Amino acid sequence: MIYFDNSATTKIEDSVLKTYNVASQEYFGNPSSLHKLGLKAFELVETSRKKIAQLMGFKPHEVFFTSGGTEGNNWIIKGTAFKKREFGKRIITSSVEHPSVINSMRQLEQLGYDVTYLPVDKDGHVSVEDLKNALRDDTILVSIMAVNNEIGSIEPIKEIAKVLKDYPSVSFHVDGTQAIGKGLEDQFIDPRVDFYTFSGHKFHAPRGIGFIYMKEGKQIEPLMAGGGQEKGLRSGTENTPAIAAMARALRLLKENEAKKSAEMMKLKTMLVEHLNTLDNVHVFSKLADGFAPHIICFTIDGVRGETIVHTFEDRDIFISTTSACSSKKGLESSTLKAMNTQESIATSAVRVSLDENNTEAEMKEFIKNLDEIHDHFQILN
Ligand code: PMP
């Protein structure tokens, strides 16, 4: 089996699963309980928070646990909008965000907020000039992703941060879900950013766990009302085993991050250079600055993306159409649409997404199968 669908989700790592199991059995107390089992679980949650903060360069009290990227994005965006409604109702985002951002924005529009969706160029990048032009006195939030989940474009977070230094009252949120652990931190971790979203299952932690960064002093409204966990901001009994497992997964992710990212880039280069030699193929993920090392989006023109995915699946190779989130719903790729890609080409798009465990041998095998599949469809065309 070749698993090249890591941006949809990753396989849980063995020792991470072990941590999860041990924590489930030995730290099962409710962290809010007063007895020693509660205290033991509480301490595990807090140690994990400290480890995660340290690995990310954050302070422990800036880390809040969530159920994943979707919750993180919903919480930061709506929580900020509700908190700041007296100051303004203007928000800026991009037209290539994940549905958890775009649909949160749509809900806010229904409540009277005014959202600007910045366009992107043919490579999926927003323009900092467009952002500058969209900023108003009553803008309360800018939310831009670090790495696009469909084509791997890296948005200019550092340059946006520079612009926003002149607008200190504007909150700046970055969805870092696809960027974490890919050797890209110098491109998206910036002191001007107020909020980040991250999701555990994208880096070999279990499903249903994630964390957000909320800069010291920033305030948002809670979306989850209840017993007041997470300093009263995110109620619900803490997912102790998943939190401990995520801390371990993050530590493993961060070990030799630069080397692992260079390896992924090597595999990406092999594939993209090969794709560039084939007829009737479009490659959206460039070998250039501004693109992440792990996502390669391409087409075999004239063949539907689903057909390509299933043809690879028949050979025990797993890839996806442009994003797992929209593929089953038959939605067209929102990123390719925003890039003004012709619809007949966009419907042929597929995504290969790598992780640090993929090998050169797997990529060679993938390319061999790609050639056969490509030839097959050229003959049919
Ligand atoms: N943001 C981005 C950029 C993503 O790729 C995803 C996952 N597809 C999410 C948010 C949502 O994360 P989760 O699956 O943890 O809800």
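Order of listing sets the numbers, starting from 1, for every ligand and every atom in it. What you are looking at is a predicted structure, and each value in this text was computed from that prediction instead of being measured.
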Option of least heavy-atom distance to atom 10 (C) of ligand 1 (set: His98, Glu97, Glu150):
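Nearest heavy atom to atom 10 (C) of ligand 1 lies in His98.
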
Test of understanding: given a 4.0 Å heavy-atom threshold, classify the contact between [X] and ligand 1 as side chain, backbone, both, or neither.
{"X": "Asn73", "answer": "side chain"}
{"X": "Lys202", "answer": "side chain"}
{"X": "Thr177", "answer": "side chain"}

Test item: side-chain donor near acceptor, [X] and [Y], under 3.5 Å:
{"X": "Thr269", "Y": "Glu273", "value": "no"}
{"X": "Asn6", "Y": "Ser353", "value": "no"}
{"X": "Asp175", "Y": "Thr197", "value": "no"}

Output a table of donor-acceptor pairs, distance under 3.5 Å, between side-chain atoms of residues 158-166 and any protein atom two or more places apart or on a different chain; print 'none' if there are none.
{"residue": "Lys158", "atom": "NZ", "partner": "Ile189", "partner atom": "O", "Å": "3.0"}
{"residue": "Lys158", "atom": "NZ", "partner": "Asp190", "partner atom": "OD2", "Å": "3.3"}

Got a sec: does the CZ of Phe42 have more than 12 other heavy atoms crowding it under 6.0 Å?
no

Qualifying side chain to side chain donor-acceptor pair (under 3.5 Å) pairs, either residue in residues 222-233, two or more places apart:
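Applying side chain to side chain donor-acceptor pair (under 3.5 Å) to every pair that reaches into residues 222-233, excluding sequence neighbours, yields Arg49-Glu230.
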
Do [X] and ligand 1 have an N or O pair less than 3.5 Å apart?
{"X": "Ser100", "value": "no"}
{"X": "Ser7", "value": "no"}
{"X": "Gly69", "value": "yes"}
{"X": "Glu71", "value": "no"}

For ligand 1, which atoms, with element, lie under 4.0 Å from some heavy atom of [X]?
{"X": "His201", "result": "13 (P), 14 (O), 15 (O)"}
{"X": "Gly68", "result": "15 (O)"}
{"X": "Ser199", "result": "13 (P), 15 (O)"}
{"X": "Gln178", "result": "3 (C), 4 (C), 5 (O)"}
{"X": "Met145", "result": "3 (C)"}

Backbone N/O of Ala292 and side chain of Lys268: donor-acceptor pair under 3.5 Å:
yes

Among Phe366, Phe4, Phe318, find the residue that satisfies the ring pair (Phe, Tyr, Trp, His ring centres under 6.0 Å) test when tested with Phe312.
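Answer to the ring pair (Phe, Tyr, Trp, His ring centres under 6.0 Å) test with Phe312 among Phe366, Phe4, Phe318: Phe366.
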
Residue from Phe198, Trp75, Tyr196, Phe65 passing ring pair (Phe, Tyr, Trp, His ring centres under 6.0 Å) with Phe211
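Among Phe198, Trp75, Tyr196, Phe65, the one that satisfies the ring pair (Phe, Tyr, Trp, His ring centres under 6.0 Å) with Phe211 is Phe198.
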
